[in-house]
Every structure is written in structure tokens, then in C-alpha cells.
Number of protein chains: 2
Amino acid sequence: MERQTKQRHAIEAAIREGGRPLLPAELVTLAQETVPGINIATVYRCVKALAEEGVIRAVELPGEPARYERADLHHHHHFRCDECERVFDVPGCRGGVESNVPDGFSVRAHEVVLFGRCAECERPSRKRTRSATTARRSSR
Amino acid sequence: MERQTKQRHAIEAAIREGGRPLLPAELVTLAQETVPGINIATVYRCVKALAEEGVIRAVELPGEPARYERADLHHHHHFRCDECERVFDVPGCRGGVESNVPDGFSVRAHEVVLFGRCAECERPSRKRTRSATTARRSSR
DNA sequence: ATAGGTGCAAACAGTTTGCATGTAT
DNA sequence: ATACATGCAAACTGTTTGCACCTAT
């Protein structure tokens, strides 16, 4: 069983209170407010352990590093804004996605990711630019 | 406009005749049958150019490197086998996936990925193991 | 002839790991 | 006390880039 360390608490807290899936890099930044010296390797190790315990869950979007969110959320999908690159939760799931699989295939799970512009970025007046934490990734 | 080189032809041919989305590493292997000395950097450069021309398309699955397939296919989704790790095309799209987005959000595109076991791996008798080209990745 | 493509090696980003040290139990 | 977590640096994987050379035009 796992030890209660301040690093681990800081990471858990960041994910629990994040409100949206967070990147490992964002987690270091957030956790450093509580544990200044925290290392990225620790974040990766904790995040892996927490995911195996079922406390958090990896949100893996096509072509991007995994983000992490709390696992106690109902089944939902994700929306990635083309502009600010943030990822949002999209509640619910209409089902029916699993039809059309070829004969003999069995479906265990599915992932749906929507791409577009979020409400803030859609509205020209109150335009929001990429946050500092995600701007680095835009060079891709 | 682009030059016709044997490297480029080999890569285009591999994707055109692949029948399923292929990884850059698989493309080097395939293209080497025609152009022995072909380099991975060339594959990445060609693949990027071909994608920009609209000849091929990137298929990006959550948590995995991009695969590439010909662009002249109708809209479809993908199925990844847990066992053999191959990716298959799933024809059609029932729609309705875009509902539930929060107010003010506009959807530009969507991706659906199904996970499970393909027909071959589902059938115990004719079990298929991971191919040599994908086995490396299983350590993840 | 020359613009553009290729191979090679080095650079990068994200992630993982070995090891000595620190700390929760 | 000691087993496990952390920090640091090094290793690793996938991808990109600088540069000298090669080749389709």
C-alpha cells in the first residue's frame, strides 16, 4: 500500500481540483506551489500509481501527451479547443457509436474526442489566448 | 511542387497498398524493400508533405504515435485490437456524437476510436499474436 | 545548373529508470 | 529500522532539424 507523502497529496489535490484534464507539466507547476522542489519524475510515478489504484484516469487525446483527471466522474467525452488547446469534459454519451464493427469483433470501450472552438474562443470580443502552460505545445 | 523520387514513390505505394493505417517505423521497413537505404527522417518528411497535399491522412490514436492511411477513403472510425495492437477501419458513422457540447462551443470534427478484440484474436483456436512490427510497442 | 530531396547525426520533447538519499511507517 | 518514495541525472523513444551531398527537373 502507498505512503502518504506531501508530493503525492499535492498531485492528488491538483487533479481533484483541476476541473479539467491536466498535463504532467501542468501538474508539476501546480504541485510546486505546495512542494517547491517536486520533480517531474515523481509526477510521472505518482500519476501511474494513482491510475493503477483507480483514483485518477488517463485522458489520452490523439497526438498529444496524456492528461489526467479524477476517476470518480461519470462516463463522458472530451472536447479540445483548436484555439486555446484546453481540453473540456463533454457530459453524457448518446451510444450507438459501437455499431458497424466488423463481424466477430468485440468492443470493450470507446473514446470520442470532439475538436472545434470553445465558447470563450468562439466569441471574438472576449478572445482568450493560449495559456502559458499550453503555449509551448503550439509549435507542433 | 514536389519531385518524383523513388523514396517518395515507395512511401506512397506502401500507404496506398497497406490496407490499414501504418506507423512510420512500418513504412521504413516496407519502403526499404524498394529503396534499401531509405532513412526514417525521409519518411517523416514525406509523410508530412503528403499529408499537406491531402494525398494521405494522419490517424492519431490516443497515446500512440500517428499512423498514416490514404486520404481517398470515406469518413470512418478506427478499431484497435487489445491483443494484436493492429488498427482497423470501421466503416460509417452514425452521427449524433456531437450533441451535448456546452453552449457556445462549435464542433469542427470528431474522432471515434473503439477498443476491443478483433475477430482473429477473439477466436481462441486461430489465435494471432502480435506481429513483429508492433511487438516492440507492447512494453508500454 | 540549380532548387529541392536525401542521408546522417545531432538536437529535442516526453517519458522512464538506476541509484543514492530522504522519510513515512 | 527499514521499506518505500523522492530527486537527480542518464537513458530511451519518437520526431525534427542542420548540413553536406545527391538528383530530378
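Letters A, B, ... mirror the listed sequences (proteins, then strands); counts begin at 1.
Straight-line distance from the CD1 atom of I38(B) to the C1' atom of dC8(C): 14 Å, rounded to whole Å. L23(A) places its CG atom 13 Å from the C1' atom of dA13(C), with the value rounded to the nearest Å. In this entry the distance linking CD of Q32(A) with P of dT6(D) reads 14 Å, nearest Å. For E52(B) and dG5(C), the CD to P distance is 12 Å, given to the nearest whole Å. Between the NE2 atom of H9(B) and the P atom of dT23(D) there is a distance of 16 Å, given to the nearest Å. Rounded to an integer number of Å, the gap from R8(A) CZ to dG7(D) C1' is 18 Å.
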Can you check nucleotides 23-25 of chain C for protein contacts, nitrogen or oxygen pairs under 3.5 Å, and list what you find?
| residue | atom | partner | partner atom | Å |
| --- | --- | --- | --- | --- |
| dT23(C) | O2 | R3(A) | NH1 | 3.1 |
| dT25(C) | OP1 | Q4(A) | N | 3.3 |

So which protein N/O to nucleotides 16-19 of chain D N/O distances come out below 3.5 Å?
| residue | atom | partner | partner atom | Å |
| --- | --- | --- | --- | --- |
| dG18(D) | O6 | R45(B) | NH1 | 3.2 |

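Counted by atom type alone, H76(A) and E69(A) present one or more donor-acceptor pairs between their side chains at under 3.5 Å. The closest side-chain donor-acceptor pair between Q7(B) and T42(B), if any, does not fall under 3.5 angstrom.
Taking the charged nitrogens against the carboxylate oxygens, R8(A) and E12(A) do have a contact shorter than 4.0 Å, which makes a salt bridge. Here R80(A) pairs with E64(A) in a salt bridge; the nearest charged N to carboxylate O distance falls below 4.0 Å.
Contact check for V43(A) versus R45(A): no side-chain heavy atoms found under the 4.5 Å cut-off. Between I15(A) and Y68(A), the closest side-chain pair of non-hydrogen atoms falls below 4.5 Å. For the pair R123(B)/R117(B), no side-chain contact is recorded, criterion being any heavy-atom separation below 4.5 Å from C-beta on. Residues P21(A) and D89(A) meet the side-chain proximity criterion, which asks for heavy atoms closer than 4.5 Å.
The side chain of Q7(B) places no N or O atom within less than 4.0 Å of a non-bridging phosphate oxygen (OP1 or OP2) of dT23(D).
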